[in-house]
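Structure first, commentary second.
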Amino acid sequence: MPDVLTLAREIGFEGCAAFDAAALEFRREVREMCAADRCKRYNKCWACPPACGSVEAMAARARRFSRGALVQTVARLDGDFDAEGLAEAQRLHKRRFETLARQAKILTGGACLPMGAGSCTRCVRCTYPSRPCRYPERVHPSMEAYGLLVADVCALAGLKYYYGPGTISYTSCILIN
Ligand code: SF4
């Protein structure tokens, strides 16, 4: 049976590496950055703070797992203002991660915790806060929503966070036992 990293390589992620989930640091300051709302998604989506739960509650969910698989989509951009290139790389990463999360759940019998990149964009308009999430089983709050600094987790896994000028990378992970 393949493992999560083998699945990730087959799906096409440019970066794939294991890390020790026991070494993760769940930081309140990361959640404070979410609250600064630079991405304009704070308090607008079930997958994002504050709706996703407190950093303590999120950390408790994550601490049930001992290992992690970090995955990255790394793309080359056409200049500094390649908005379409950025959007395309983000779509590709979300598609790949959706596939990986689905396969990892099958592989582990549901005993895994996928953490996405960025806010949930599955629905054109999120139902938050007036109605329940349409797809609660398929929503994967971001690493930042768990209070993780993505650059730190990359360092833990031995992967780069930044691949140099003219590139963009998107990073997600799946915790397992
Ligand atoms: S699946 Fe839809 S309703 Fe649920 S968090 Fe994502 S955008 Fe919102």
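One-based numbering, in listed order, for ligands and for the atoms of each.
Of the charged side-chain nitrogens involved, none lies within less than 4.0 Å of a carboxylate oxygen, so that Glu14 and Lys160 do not count as a salt-bridged pair. Under 4.0 Å is where a charged nitrogen must lie from a carboxylate oxygen, and between Arg95 and Glu98 no such pair does.
Around atom 4 (Fe) of ligand 1, protein atoms of type N, O or S found under 2.8 Å number 1.
Enclosure of atom OH in Tyr161 is not indicated, since only 12 or fewer non-hydrogen atoms of other residues, nucleotides or ligands lie within 6.0 angstrom.
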Checklist entry - Given the rule in the side-chain hydrogen bond (donor to acceptor under 3.5 Å, both in side chains) test, do Arg96 and Thr73 qualify, once you have shown the distances and angles that lead to the verdict? => result CA-CA 9 Å; Arg96 285 172 168 180; Thr73 295; 3.0 Å; yes

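Side-chain atoms of Thr171 and Gln72 form a donor-acceptor pair, as typed in the model, at a separation below 3.5 Å.
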Donor-acceptor contacts under 3.5 Å from residues 32-39 side chains, at least two apart:
residue: Asp37; atom: OD1; partner: Lys40; partner atom: N; Å: 3.1
residue: Asp37; atom: OD1; partner: Arg41; partner atom: N; Å: 3.0
residue: Asp37; atom: OD1; partner: Tyr42; partner atom: N; Å: 3.0

